[in-house]
Protein chains: 2
Amino acid sequence: MTSDLDAPIDDQAARAAWLYYVGGLTQDQIAAEMGLSRQRAQRLVSRAVGAGLIHVRLNHHLARCVELEAALRERFGLVRCRVMPGLGPARDPVRSIAPAAAEEMERVLAESGSRVIALGTGRALRGMVDAVGPVEAPQHRLVSLLGNIALDGSASYFEVIMRLAEKVRAPHYPMPVPVLVDSVEENRTLQSLGAVRKVRGLAQAADVTFVGVGQMSEDAPLMTDGFLTADELHEIQRAGAAGEVAGWIYDRQGRYLDLALNARLTGVRVEIATPSRPVIGIAAGSQKIVALRAALTSGIINGLVTDEPTAAGILAG
Amino acid sequence: MTSDLDAPIDDQAARAAWLYYVGGLTQDQIAAEMGLSRQRAQRLVSRAVGAGLIHVRLNHHLARCVELEAALRERFGLVRCRVMPGLGPARDPVRSIAPAAAEEMERVLAESGSRVIALGTGRALRGMVDAVGPVEAPQHRLVSLLGNIALDGSASYFEVIMRLAEKVRAPHYPMPVPVLVDSVEENRTLQSLGAVRKVRGLAQAADVTFVGVGQMSEDAPLMTDGFLTADELHEIQRAGAAGEVAGWIYDRQGRYLDLALNARLTGVRVEIATPSRPVIGIAAGSQKIVALRAALTSGIINGLVTDEPTAAGILAG
DNA sequence: TCGCCGTATGGGCAAATACTCACGCGCGCC
DNA sequence: GGCGCGCGTGAGTATTTGCCCATACGGCGA
């Protein structure tokens, strides 16, 4: 990833992108200004965009999105709701929702009082963290809802909490355990560890929680990430699984299922959503509509950042 | 300006720009997606940029800017300081500092407690307001430091407070009087009005103040905006004028001058900057270096948003 | 009703930008 | 010390974009 050695290059890239997007210079002018070849200027701008150094936001509320937000708020009694324009099919909706999710996160980070912020995992949360600006917020504590170790022992690809903590310089409490362990006994052992108990306690007392929402269809993240086999998935599907938050699986009414799997999950089950302790779901995509509707129905989440087609899909049900 | 009738067009423009900048589609693809001709897509994107619907921010701290910020903070004991990359000569520095100033404003607006926010006038503040996102902040009160009526009786070109109030839906207290009146008596009459007294009192009690900083050189805004004649300007220059905040003129040490003009100024003189009641100066440009250094020296302002060359110039003195 | 004017639209073209390729340099490995 | 290997660079080229113009549309006044 971006190491410290890249800093001067990133600085150049950021400067070039600034001149390009804010200053409105052409790449030729940038090259002249910075004393580079035009190709290099082009590469720097491109690099800045690719590395997420540059961040575009829409200073305008689209009527359609506002309507959907109002409808979702109304129907599910949401505390927070953001609906971003869709990007058309074949584009990753994370690109669309990440900036809005980041704004929600920044809103919390901007609070001057100290908060405990709990975080799930997943691509959407990772996108959110990447889009968060480098604000200093050392007064808050960041805590992980679930383990960040994948089955193969590697730290999870979607490292959310460490990245965010690094950006905002806040104390952080990752859960240094696997998401899912092999046996009930192993889990019991882990849960008895003081460190794990402390992190779980903090997570359960979180003031705000940000989570992804997983679908339980054939492309379930729990399966593609290797936590479930296809057979296990099918069995759980037959038990009525509609979605999953932090690994905990629920049915179409958003009621958590009583599964054998539960005893092997190390993470905290999210069930604290109240107006003063919101749980914000960050998710978009047609595959996630069912899972989102269920989580919203029972109030597992009472805040939502999604995109237009997903919002419409949720409301259509 | 942008009227309500433009809303559907602005919606289209915003959507096109979203697809272009966030989605990364080409204008051809946008045209296909939205069912338009390519030219129309191009015009919409262009319109969105022109109308300030789209807002670019740099998610990366440039080493050079951070250094300058630290040096300014240190030397002048600043509460807040932001230095943005310069755009090269011949580009309006307001483009560079407006987004950062808007972030500072949003930071204040995000506070959940109720604040009184005082605002000056000028191009830089106008740029800031345009860059502020449509956040709801009805808990705060916005108050004007000085009149918004120009000499010819028209409401000032740089309408700052009304625009901001409209965006954030906060109660606002403009000062419905001229910046400068013709005679001392006229001023006395105005100042005795209950409405004016109330606004002035609120402004003096502001929790945060945002001001532009005017230079007193040959291109002084006070003169180009028609408040001073060339002769008056020259006389004031001879009296040692270095800069001006909200119309109140100070010398190179940042001490307010005792001028005949003062008796005709309707606005509030800013002299409340403390760590808990910051006064943030928003200004950039080589002509403003002297004025800024003076205001920083005496602490008329204790916060600053500027650009790189200006910051370097201030420190060089 | 006609004609005028301002505005919006799409085609075409020149400029600007993104991509591809071949080369060169430095680094590490043998 | 020689030999690749990979990264970065510049030249050339395809694509995309911005702009100008001719034209169509619609509103308005005569």
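Below, chains carry the letters A, B, ... as their sequence lines are ordered, and counting in each starts from 1.
- Relative to the side chain of B:Arg38, the nucleotides D:dG10, D:dG18, C:dA18 differ in distance, and D:dG18 lies closest.
- With hydrogens and angles ignored, the 3.5 Å screen pairs no side-chain donor or acceptor of B:Trp18 with any backbone N or O of B:Gly23.
- Side-chain N/O atoms of A:Arg40 include one lying less than 4.0 angstrom from OP1 or OP2 on D:dT9.
- Dashed line: the shortest gap from a side-chain N or O of B:Gln42 to OP1 or OP2 of D:dG18 is under 4.0 Å.
- Summarising the geometry, the separation between CD1 on B:Ile9 and P on C:dT7 is reported as 13 Å, rounded to the nearest angstrom.
- For the pair A:Gln29 CD and C:dA15 P, the computed distance is 15 Å after rounding to whole Å.
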Walk me through whether A:Gln12 and A:Arg40 qualify under side-chain hydrogen bond (donor to acceptor under 3.5 Å, both in side chains). CA-CA 10 Å; A:Gln12 277 201 304; A:Arg40 182 142 175 77; 3.0 Å; yes
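- For D:dT15, neither phosphate oxygen OP1 nor OP2 lies less than 4.0 angstrom from any side-chain nitrogen or oxygen of B:Gln27.
- Applying the 4.0 Å criterion to OP1 and OP2 of C:dA16, one finds that A:Tyr20 has every side-chain N and O outside that range.
- Nucleotide C:dA8 holds its P atom 13 Å from the CD atom of B:Gln12, rounded to whole Å.
- The closest side-chain heavy-atom distance from A:Val108 to A:Phe210 is below 4.5 Å.
- Between the B:Arg169 side chain and the B:Glu136 main chain, no donor and acceptor come within less than 3.5 Å of each other.
- Spacing between atom CZ of A:Arg43 and atom P of C:dC21 amounts to 13 Å, rounded to whole angstrom units.
- The interatomic distance linking B:Asp28 (CG) with D:dT15 (P) rounds to 12 Å, in whole Å.
- Residues A:Met105 and A:Leu164 have side chains in contact (heavy-atom distance under 4.5 Å, counting atoms from C-beta outward).
- Phosphate contact (OP1/OP2 of D:dG8, side-chain N/O of A:Gln39, threshold under 4.0 Å): absent.
- For the pair B:Leu25 CG and D:dT16 P, the computed distance is 12 Å after rounding to whole Å.
- In this structure, B:Ser37 reaches the C:dG10 phosphate: one of its side-chain N or O atoms is under 4.0 Å from OP1 or OP2.
- Between the CZ atom of B:Arg47 and the P atom of D:dG18 there is a distance of 16 Å, rounded to whole Å.
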